[in-house]
Chemist: 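The following block contains the structure, expressed as structure tokens.
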There are 2 protein chains.
Amino acid sequence: MEPLTADLFAPQCLSAETPFRIGDKWGGMVVVCLKDGPRRFSELRVPLRTVSPKVLAATLKALERDGMITRKTYDENPPRVEYALTDLGRTLFEPMDRCREWAEKYLPSLLKARQAYDRAD
Amino acid sequence: MEPLTADLFAPQCLSAETPFRIGDKWGGMVVVCLKDGPRRFSELRVPLRTVSPKVLAATLKALERDGMITRKTYDENPPRVEYALTDLGRTLFEPMDRCREWAEKYLPSLLKARQAYDRAD
DNA sequence: CTGCATCCTGTTGGATACTG
DNA sequence: CAGTATCCAACAGGATGCAG
């Protein structure tokens with residue numbers, strides 16, 4: 001399994017402009033990060049560079065609460081915790097992919113309309 | 001064209017629990033309300049009973065800015081304004097339908113997981 | 001390493017009254 | 001009728017320090 005890279009959600013990636021949101025601000029991105037297999041807390045912090053530990057923990061807890069991911073702690077020192085998608089969590093990919101496809105097709109039109117609107121003021 | 005009913009988004013409708021959101025809080029619901037044709041400001045307030053005029057106006061302005069709807073004013077007295085979906089706005093239905101289908105299939109599982117999690121605490 | 005406690009900020013959304 | 005103006009509450013999200 002490839003390590004997650006820091007530029008997976010680069011700022012110039014327009015995903016922040018899409019009208020679709022999954023769960024809270026970071027929920028959809030966490031789900032994508034878990035696509036290939038379980039990840040540790042600190043592993044997730046690499047692609048999600050700007051998320052604070054508090055907010056990441058809250059995001060993971062909300063996803064666990066809704067049955068989308070599992071949280072497995074290993075009784076080691078230093079401690080290790082791994083998060084993994086459940087079968088239910090994997091069902092999110094289908095609608096998420098449709099949203100991503102929409103964005104690839106139509107986000108440029110949205111941004112063009114927005115710029116035209118802003119210029120008109 | 002049928003009038004919009006007040007129970008279109010009834011509170012017991014679980015749409016509030018879906019993890020998918022389109023635009024701001026009311027954006028997706030406005031798009032659904034415009035599916036069958038143009039609607040007036042006050043017509044939209046019927047199904048969206050609890051939205052304040054300020055927030056509805058902001059929602060409509062954001063949708064217009066992004067090219068999803070058009071705003072047409074008629075120079076009458078009393079004034080009349082009609083909102084209608086654009087072709088771009090209609091492209092939202094495809095991903096939105098996939099999200100709705102997800103919710104119909106899997107929202108019960110999500111809610112069951114949530115209840116189990118909350119009981120475990 | 002994981003993630004909780006605390007505090008703080010900005011944004012979103014709502015209540016109410018009022019205007020062209 | 002179709003909003004705007006004003007004020008306010010709630011919450012999401014962020015910074016920082018610390019604990020197991």
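Here is how names work: the chains are called A, B, and so on, in the same order as the sequence lines, proteins then strands, and each is numbered from 1.
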Chemist: Please tell me which of the listed nucleotides, D:dT4, C:dT2, C:dT6, lies nearest to the side chain of A:Lys54?
Modeler: C:dT6
Chemist: Examine D:dG3: is either OP1 or OP2 under 4.0 Å from a nitrogen or oxygen in the side chain of B:Arg71? Give yes or no.
Modeler: yes
Chemist: Between atom CZ in A:Phe41 and atom C1' in D:dG20, what is the gap in whole Å?
Modeler: 15 Å
Chemist: Take atom CG of B:Leu60 and atom P of D:dT4, then tell me their distance rounded to the nearest Å.
Modeler: 10 Å
Chemist: Name the closest nucleotide to the B:Tyr83 side chain, picking from D:dG14, D:dA2, D:dG3.
Modeler: D:dG3
Chemist: Please determine if A:Glu101 and A:Arg98 form a salt bridge, counting it only when a charged side-chain N lies under 4.0 Å from a carboxylate O.
Modeler: yes
Chemist: Between C1' on D:dG13 and CE on A:Met29, what's the gap in Å once rounded to a whole number?
Modeler: 12 Å
Chemist: Short question: side chain of B:Thr86, backbone of B:Met68 - any donor-acceptor pair under 3.5 Å?
Modeler: yes
Chemist: Closer than 4.0 Å, any side-chain N/O of B:Ser42 to the OP1 or OP2 of D:dA2?
Modeler: yes
Chemist: To the nearest Å, how far apart are B:Leu44 CG and D:dG3 C1'?
Modeler: 13 Å
Chemist: In whole Å, what is the span from the CG atom of A:Leu56 to the P atom of C:dG3?
Modeler: 8 Å
Chemist: For A:Tyr74, answer base if it contacts any base atom (sugar-phosphate contacts may also be present), sugar-phosphate if it contacts only those atoms, and nothing otherwise; contact means non-hydrogen atoms under 4.0 Å.
Modeler: nothing
Chemist: With respect to the side chain of B:Arg80, which nucleotide from D:dG20, C:dT16, D:dA2 is positioned closest?
Modeler: D:dA2
Chemist: Nearest-Å distance, CG (A:Asp75) to P (C:dT2)?
Modeler: 14 Å
Chemist: What I want to find out is whether A:Glu17 reaches A:Arg114 closely enough, with some N-O distance under 4.0 Å, to be called a salt bridge.
Modeler: yes
Chemist: Between B:Lys61 and A:Asp24, name the one whose nearest nucleotide on DNA chain D is closer to the 5' end.
Modeler: B:Lys61
Chemist: Would you mind classifying the nucleic acid contact of B:Asn77 as base, sugar-phosphate or nothing, using non-hydrogen atoms under 4.0 angstrom?
Modeler: nothing
Chemist: Taking A:Arg21 for the side chain and B:Phe20 for the main chain, is one N or O donor matched with an acceptor at less than 3.5 Å?
Modeler: no
Chemist: Which nucleotide in the set C:dG14, D:dG14, C:dT16 lies at the smallest distance from any side-chain heavy atom of B:Val55?
Modeler: C:dG14
Chemist: Within this structure, what is the CD-to-P distance between B:Glu76 and D:dA2, rounded to whole angstrom?
Modeler: 10 Å
Chemist: To the nearest Å, give me how far apart CH2 (A:Trp26) and P (D:dG13) are.
Modeler: 9 Å
Chemist: Would you tell me if any nitrogen or oxygen in the side chain of A:Lys25 comes within less than 4.0 Å of OP1 or OP2 on D:dG14?
Modeler: yes
Chemist: Is it true that A:Glu82 and A:Arg80 have a side-chain N and a carboxylate O under 4.0 angstrom from each other?
Modeler: yes
Chemist: For the side chain of B:Arg21, starting at C-beta, report the closest nucleotide among C:dG20, C:dC1, C:dG13.
Modeler: C:dG13
